[in-house]
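Down below is the structure, laid out as structure tokens.
Computed over heavy atoms, backbone and side chain alike; hydrogens, waters and symmetry mates excluded. Lettering follows sequence order; numbering is per chain, from 1.
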There are 2 protein chains.
Amino acid sequence: MCPQTDFDKPFGLSDNSQVQVELPGDRGYPIHIGAGLIDRAAEMIRDKLGERRCLVVTDTTVQRFYGQRVQEQLTQAGLVRDDILVMPTGEQTKNFSYLSFVLDNLFMKNIDRKTVLVALGGGVIGDLTGFVAAIALRGLDFVQIPTTLLSQVDSAVGGKTGINSPRGKNLVGAFHQPRLVIIDVDTLKTLPAREVKAGYAEIVKYGLLGNASFFRWLETNGPQITAGKAAKQEIQVQAIRTSCAMKAHYVAQDERDNAQRALLNLGHTFAHAFETLSNYDGSLLHGEAVAIGLVKAFQLSHRLGFCPEADVARVQAHIKAMGLPTSIQGRGWPLEALISTMFNDKKVMDGELTFILVKGIGEAFIESKIPTEHVRAVLEMP
Amino acid sequence: MCPQTDFDKPFGLSDNSQVQVELPGDRGYPIHIGAGLIDRAAEMIRDKLGERRCLVVTDTTVQRFYGQRVQEQLTQAGLVRDDILVMPTGEQTKNFSYLSFVLDNLFMKNIDRKTVLVALGGGVIGDLTGFVAAIALRGLDFVQIPTTLLSQVDSAVGGKTGINSPRGKNLVGAFHQPRLVIIDVDTLKTLPAREVKAGYAEIVKYGLLGNASFFRWLETNGPQITAGKAAKQEIQVQAIRTSCAMKAHYVAQDERDNAQRALLNLGHTFAHAFETLSNYDGSLLHGEAVAIGLVKAFQLSHRLGFCPEADVARVQAHIKAMGLPTSIQGRGWPLEALISTMFNDKKVMDGELTFILVKGIGEAFIESKIPTEHVRAVLEMP
């Protein structure tokens, strides 16, 4: 169950650590992780994909910090013309209107099937750009340069792309793998502290779902990851590399998310419902919703007799210590609205709630037919 | 080059002839061809996919003739609730607004990942529904029940789905194979004569691109295919079966259209430009554009020294005899507008025009770097 877990083997930044996502055909791809990589992006893209026209999609915030740097390199490498599309920052950009806007702009720029899209930004930009790449001319190559901790350890890897519908998150999308992922931990220096913490919740998730020793390591090293400019980059690289290696493992086993890949959704059925109820108004980041969801998944597992209470307490303590929320108290979300939102989750099959539960830290499994009253009960717990 | 060509082996309607599309994984699927199959659709779907909720997408015209019949069967078979979405008839339905409309409706009906979409109609309904199936919840199963000759021999098979963009046809889409195709030649009895003829152009295409003896057979039997209620159904089934078998062959070789599958585009670079210039106003059906495109491809091949003049004349004579257009004279389309539209075709690579040319009837090949002046010259030919 537990993939390459040599996370505790020390390695230096000079390693520019690489993880390979193993997939059939020509769909496998490398994930480069290190410091200063954003300034070598054009070189890496050319090495991997050859001399191809590149078109960058980013958002206003990331554009300010990195847009010009990336575009200048690409231009110098002869890979880009005047091609950058800058979207508004925020979740609302992952909708039908911006999808149509980006597509129209690509066609106006006379892209062809060899054009490479470069997603430079967080999960919103990566998901939107990846989906555009999936459906423009029935499929273009794309590169992920995730600039948030959340997207570095989760959404930039694995090929899930898509947009939101008025009826729910990520309801419209495609499986479309990037050809290359470039993760530069320098970008975490410009990321707001709250967003770094939120991204950290997804790192904890990997420990909790399948790697108890990684969780133990995080209990010690977590604070060094989220310390902003004072963070230890080699610790960040180790945490991101372990997370990406675990994600790559589950994606390789089950690219289309029909079986084992579902374990990566630990905490997420809860989290998606919390996000829906928050109306994506900025009061609850995805990673914060996941943090609460992880605690709820452990509480539910304990309530159903699968998980020792001590593990629930340990998870709750670590998440709290890292400055993340652990319950929905004070949010004012009606319980029944949360429950009915969960039943609209796209993972619901034949009207039955399926959850990822745990037998303890590092031992997740899939369980269907969870009685609603238990879900209701843990939602009310502190 | 030439797949199963036992089209001249007589076989009765009772055979309910079946063609298998061979693809890796679980993506292969059967195409059932015969008379009266629409009344067995629910049974065929249940046999192939099990007891699953089905949701039918159709258009107002097809709804009038077959919508209720299909829905009643599905309901009796326990496969459907109140689920039918009826779109306006016509090419304009293949756009972003209707895509979003269908998706929103599916989510309002609380579909899940096991829901099966049933595309009941012509190419517009098949392409739109297939694309919805590709991207709703990142992929649903779907079934094609094509009701026009054009969709029966072409668009319903092979998994190319998509919609149009204001900048061109089929610019947005996905490769998503149906799980089952059900072709009922009875539906051709209610199809307007002009549409039957237009669909016939795609049948001729198969002979011209890779099956000279099929073309010879069509020179004799073509009129029996397009004769409306007087048509011989066994001849129709033979022609459709041969066309589907040839399409299945090229799709199996090259599902993603990176190489040999391009031969299926014989005449289509021309045809797409003609359709764009006609603004899809109904004055030129896709099959009519293909008919002209086939003649232009032969004329271009002759002009470039690849194809004997006698073959050009024979193709032109047969297409004309079948009541289809063979030139653009009198259309009033500016030559330069046609040329620049061709350069915007999604098959253009690195700014060079690639065409499917022929060495003669039944011998198509791919040729790039076609000088524009030759294209211009054949566009002006009668």
Side-chain angles (χ1 to χ4, degrees), chain A residues 24-26 51-53 95-97 99-115 127 131-140 159-168 170-176 255-258 340 343-352 354, chain B residues 24-26 51-53 95-97 99-115 127 131-140 159-168 170-176 255-258 340 343-352 354:
Chain A
D26 58 353
E51 304 260 346
R52 309 255 293 268
R53 180 181 175 193
N95 71 9
F96 241 87
S97 305
L99 178 70
S100 155
F101 172 83
V102 175
L103 285 164
D104 285 351
N105 269 275
L106 297 190
F107 299 133
M108 282 195 290
K109 287 171 183 290
N110 282 323
I111 56 157
D112 66 31
R113 287 178 174 177
K114 284 186 176 167
T115 304
D127 287 4
F131 188 41
V132 167
I135 65 175
L137 308 182
R138 293 203 190 92
L140 301 176
K160 280 194 182 179
T161 70
I163 57 171
N164 303 326
S165 134
R167 303 282 296 188
N170 296 324
L171 291 184
V172 177
F175 288 94
H176 188 58
E255 186 181 3
R256 292 253 158 186
D257 200 6
N258 297 314
S340 92
F343 274 100
N344 280 319
D345 193 280
K346 66 180 173 306
K347 285 161 206 85
V348 169
M349 282 290 186
D350 298 327
E352 278 178 357
T354 295
Chain B
D26 58 354
E51 303 260 346
R52 308 257 292 272
R53 179 180 175 194
N95 71 9
F96 241 87
S97 307
L99 178 70
S100 156
F101 172 83
V102 175
L103 285 163
D104 285 350
N105 269 275
L106 296 190
F107 299 132
M108 282 195 289
K109 287 170 183 290
N110 282 323
I111 56 158
D112 66 31
R113 286 178 174 178
K114 284 187 177 168
T115 304
D127 287 3
F131 188 41
V132 167
I135 65 175
L137 308 181
R138 293 203 191 93
L140 302 176
K160 280 194 182 178
T161 70
I163 58 171
N164 303 325
S165 135
R167 302 283 296 189
N170 295 324
L171 290 184
V172 178
F175 287 93
H176 188 58
E255 185 181 5
R256 292 255 159 183
D257 201 7
N258 297 314
S340 92
F343 274 99
N344 280 319
D345 193 281
K346 68 178 172 307
K347 282 160 208 86
V348 169
M349 283 290 186
D350 298 328
E352 278 178 358
T354 294

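Here the closest heavy-atom approach between residue B:Arg138 and residue A:Asn170 is recorded as NH2-CB, 3.8 Å. When all heavy atoms of A:Leu171 and B:Phe107 are compared, the pair lying nearest together is O-CZ, 3.3 Å.
Using a 4.5 Å heavy-atom cutoff, the side chains of B:Phe96 and A:Leu99 are in contact.
Both the backbone and the side chain of B:Ser100 come within less than 4.5 Å of a heavy atom of chain A. For B:Thr161, the part lying under 4.5 angstrom from a heavy atom of chain A is the backbone only. If you measure heavy-atom distances from B:Arg52 to chain A, you find no contacts under 4.5 Å at all.
Interface check for chain A: of the options B:Gly168, B:Pro166, B:Ala134, B:Ser165, the most heavy-atom pairs under 4.5 Å are formed by B:Ser165. The most heavy-atom pairs under 4.5 Å with chain B, out of A:Arg53, A:His176, A:Arg167, come from A:Arg167. Of the listed residues (B:Thr115, B:Val132, B:Asn110), the greatest number of heavy-atom pairs within a distance under 4.5 Å of chain A belongs to B:Asn110.
To the nearest 0.5 Å, atoms CZ (B:Phe131) and CD1 (A:Ile135) are separated by 4.0 Å.
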